[in-house]
Amino acid sequence: MNYSINSEIAKIFNHMAFILEGLNVLFKPRAYAQAAEAILAWNKDVEEIYKSEGLTGLKQIPSIGQNLAEHIEEIIKTGRLKEYEKLKKKLPVDIEGLSAIEGLGPKKMKILYDKLKIKTVADLAKAIATHKIAKLEHFGAQSETNIQRGLKFLKTNTGRIPLGYILPLAREIEQKLSKTPGVKKVIIAGSIRRWQETIGDIDILAISDQPKKIMEAFVSLPEIQTILSHGPTRSSVRLKIGLDADLRAVAPKSFGAALQYFTGDKNHNVKIREIAIKKGLKLNEYGLWRKEKNIACQTEEKIYAALGLDYIEPELRTDSGEIFAAQKHQLPRLIPHGSLKGDLQIQTNWTDGECTIEALARAAMEAGLEYIAITDHTKTLGIAHGLDEKQLAKQGQKIDALNVKFIKEKINFKILKSAEININKDGSLDIADAALKKLDIMSVAIHSAFRLSKNEQTKRIIRAIEHSLVNILFHPTGRLINRREPYELDLEAIIKAAAANRVALELDCFPDRMDLKDTYVRQVIARGVKIAIDTDAHHPEHFKFLELGIGTARRGWAAKNDVINTWPIKKLLKWARK
DNA sequence: GCCGTTTTCGGCCCGACTGTTTTCAGTCG
């Protein structure tokens with residue numbers, strides 16, 4: 001899918017928000033920034049929406065009203081936005097470049113431009129070298145030093161890092177801080193607690209009566225490159241890996257309120273606080289208050305309840321309908337962590353995996369699973385030495401033998417015969433039906449011809465879904481986070497075909513795939529289509545990624561029964577036999 | 001500029017930390 005128009009418009013709106021902020025305009029900046037966020041999060045191309053439903057369609061997007069819908073219309077029609085051009089003249093600077101400097105926001109950028117005509121990072125470096133900054137009003141020697149330091153450590157704009165690659169480090173820091181004297185509890189909050197697919201920083205909450213001690217421990221961690229701020233209850237650091245980490249400490253009695261506040265996300269919290277205001281209350285990280293009187297603070301559950309809401313799980317806190325559902329008691333019962341019984345995508349050393357079937361099976365047992373499907377690539381994927389019909393049959397014999405061995409060892413574990421069957425360019429499969437019939441479960445995927453037109457790609461995949469033996473479509477959109485855009489395809493049409501043919505769509509939870517992503521999971525299960533959460537394991541260590549898949553499925557409002565590999569093996573095989 | 005089951009007008013989250021300030025504005029989350 002091509003959302004470049006969405007990101008282009010979001011970028012313009014974000015720039016406008018920034019400039020308006022610099023011009024001291026009230027409230028509009030938030031309106032523009034929220035609109036930008038909403039457009040980015042929307043799963044449909046705004047140009048398509050506009051073409052089929054006009055301005056009315058655009059106004060269905062949250063935070064888009066008459067004015068912004070007309071702005072979008074103008075950008076689609078003319079490729080530019082006059083109002084943006086006008087604003088740009090008032091602050092014609094490299095917003096992205098300069099924003100990468102810690103502590104430099106719209107107001108200061110405006111001063112730097114007005115007084116010194118600083119437009120770029122290079123201009124800024126020059127001004128620093130000649131000590132012009134310190135002499136400016138509202139700046140000083142310290143500001144100059146800080147900007148100089150900021151120039152050295154530009155905020156990494158390589159983007160966000162997949163959760164799976166950050167989680168081990170975050171947990172290590174959590175462990176270390178837990179050992180500080182006087183600490184009652186340390187918990188990772190923020191986007192990690194919400195299981196967001198990528199992470200921009202690590203947020204940690206500490207419960208302690210002696211917050212200064214834990215702040216001291218935090219800023220002394222060996223993982224740290226620089227200290228950005230260091231106060232008695234809050235500190236902020238840049239880690240050596242280029243990511244920021246924040247620690248917030250509160251007293252035990254404020255635990256629930258602080259956890260709610262520090263988990264976010266921001267939009268969710270703003271909405272929750274607005275609900276508090278409407279009830280004549282105030283919510284902050286210390287509790288829920290009516291004037292000076294405390295209403296709730298110990299647990300998140302109590303705070304949500306006091307606001308008339310069912311408890312909202314962290315994964316759902318994205319301001320995308322969860323608050324309304326909590327008011328109406330309509331929140332889903334999310335799939336619990338640890339409820340997967342199997343993993344249906346695993347590659348072995350028969351193709352591009354690193355280990356034997358048995359080693360992977362034993363690792364899966366260790367991870368608490370009851371079954372796995374071996375899904376080596378098939379023959380047309382030359383680079384992975386894909387298996388042909390004969391080799392598949394031979395692998396089947398090996399799997400049979402291992403299953404017998406497990407029975408003899410009295411191990412309750414089963415290996416299923418499967419494959420990651422390659423979909424040809426025309427939508428046919430590269431393995432003959434006779435060989436496919438011998439497999440326990442059949443999964444398909446595309447690995448080539450990524451650049452087909454949207455129409456052709458969609459038709460190709462639907463043809464594979466319609467094959468009478470196919471059970472699962474692997475990594476349906478093909479995106480690789482920070483590396484490859486998804487293929488152009490009409491996901492709605494694919495979901496429809498999957499529903500009609502009772503085919504499941506995969507949530508491949510390898511950290512940089514996470515495909516389907518959260519919002520797509522929500523779209524898919526809303527249409528009654530099942531998902532399979534698989535690790536795509538190539539190595540025994542990879543089974544630890546299962547928790548990431550559950551996190552993303554929960555973000556997509558999935559219940560246990562929406563996920564086929566929570567089922568006992570008998571139920572799964574019955575389903576697979578169509 | 002958006003939004004609404006207390007509002008179609010009058011609201012718009014809240015607080016810590018920093019640096020420049022003698023009481024506060026900017027930035028950040």
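Every heavy atom of this structure was used, including side-chain atoms; hydrogens, water molecules and symmetry mates were not. Every chain is numbered from 1 and lettered A, B, ... according to where its sequence line falls, protein lines coming before strand lines.
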Note to self: Please report the distance separating the C1' of dC28(B) from the corresponding atom of dC13(B), rounded so that it comes out in whole Å.
What the structure shows: 14 Å
Margin query: Using the P atom as the point on both nucleotides, what is the distance between dG29(B) and dT22(B), in whole Å?
Written below: 28 Å
Check: Looking only at side chains, do Arg522(A) and Ser320(A) share a donor and an acceptor under 3.5 Å apart?
Finding: yes
Next item on the list: Verify the distance criterion only: is there a donor paired with an acceptor across the side chains of Glu102(A) and Asn146(A) at less than 3.5 Å?
Entry: no
Mind checking if [X] touches a base, just sugar-phosphate, or nothing, with heavy atoms under 4.0 Å?
{"X": "Gln34(A)", "value": "nothing"}
{"X": "Asn269(A)", "value": "nothing"}
{"X": "Leu228(A)", "value": "nothing"}
{"X": "Leu283(A)", "value": "sugar-phosphate"}
{"X": "Ala141(A)", "value": "sugar-phosphate"}
{"X": "Lys28(A)", "value": "base"}
{"X": "Glu137(A)", "value": "nothing"}
{"X": "Lys282(A)", "value": "sugar-phosphate"}
{"X": "Glu144(A)", "value": "nothing"}

Next item on the list: Might you work through the salt bridge (charged side-chain N to carboxylate O under 4.0 Å, His left out) test for Glu96(A) and Lys11(A), ending with a clear yes or no?
Entry: CA-CA 10 Å; Glu96(A) 253 116 63; Lys11(A) 192 171 151 188; 3.8 Å; yes
Next item on the list: Take atom CD of Gln142(A) and atom P of dC17(B), then tell me their distance rounded to the nearest Å.
Entry: 17 Å
Checklist line | Atom-pair distance (CZ on Phe18(A); P on dG1(B)), nearest Å | finding: 19 Å
Margin query: Should Phe139(A) be counted as stacked on dT20(B), where stacking needs a ring-centre gap under 5.5 Å and an angle between planes under 30 degrees?
Written below: no
Notebook entry, point to check: Which label fits dT22(B), syn or anti, where anti is any glycosidic angle not within 90° of 0?
Noted result: anti
Note to self: Classify the ring geometry of Tyr311(A) against Tyr304(A): parallel below 30°, tilted from 30° to 60°, perpendicular beyond 60°.
What the structure shows: perpendicular
Item checked: Earlier contact from the 5' end, DNA chain B, for Tyr286(A) and Lys59(A) -> Lys59(A)
Note to self: Between Leu136(A) and Val270(A), which residue's closest nucleotide on DNA chain B lies nearer the 5′ terminus?
What the structure shows: Val270(A)
Candidate nucleotides [options], ranked by approach to the side chain of [X] - the nearest:
{"X": "Asp201(A)", "options": "dG26(B), dG29(B), dC12(B)", "answer": "dG29(B)"}
{"X": "Pro232(A)", "options": "dC17(B), dG1(B), dG15(B)", "answer": "dC17(B)"}
{"X": "Thr233(A)", "options": "dC14(B), dC17(B), dG26(B)", "answer": "dC17(B)"}

Notebook entry, point to check: Can a salt bridge be assigned to the pair Lys184(A) and Asp209(A) using a cut-off of 4.0 Å between side-chain N and carboxylate O?
Noted result: yes
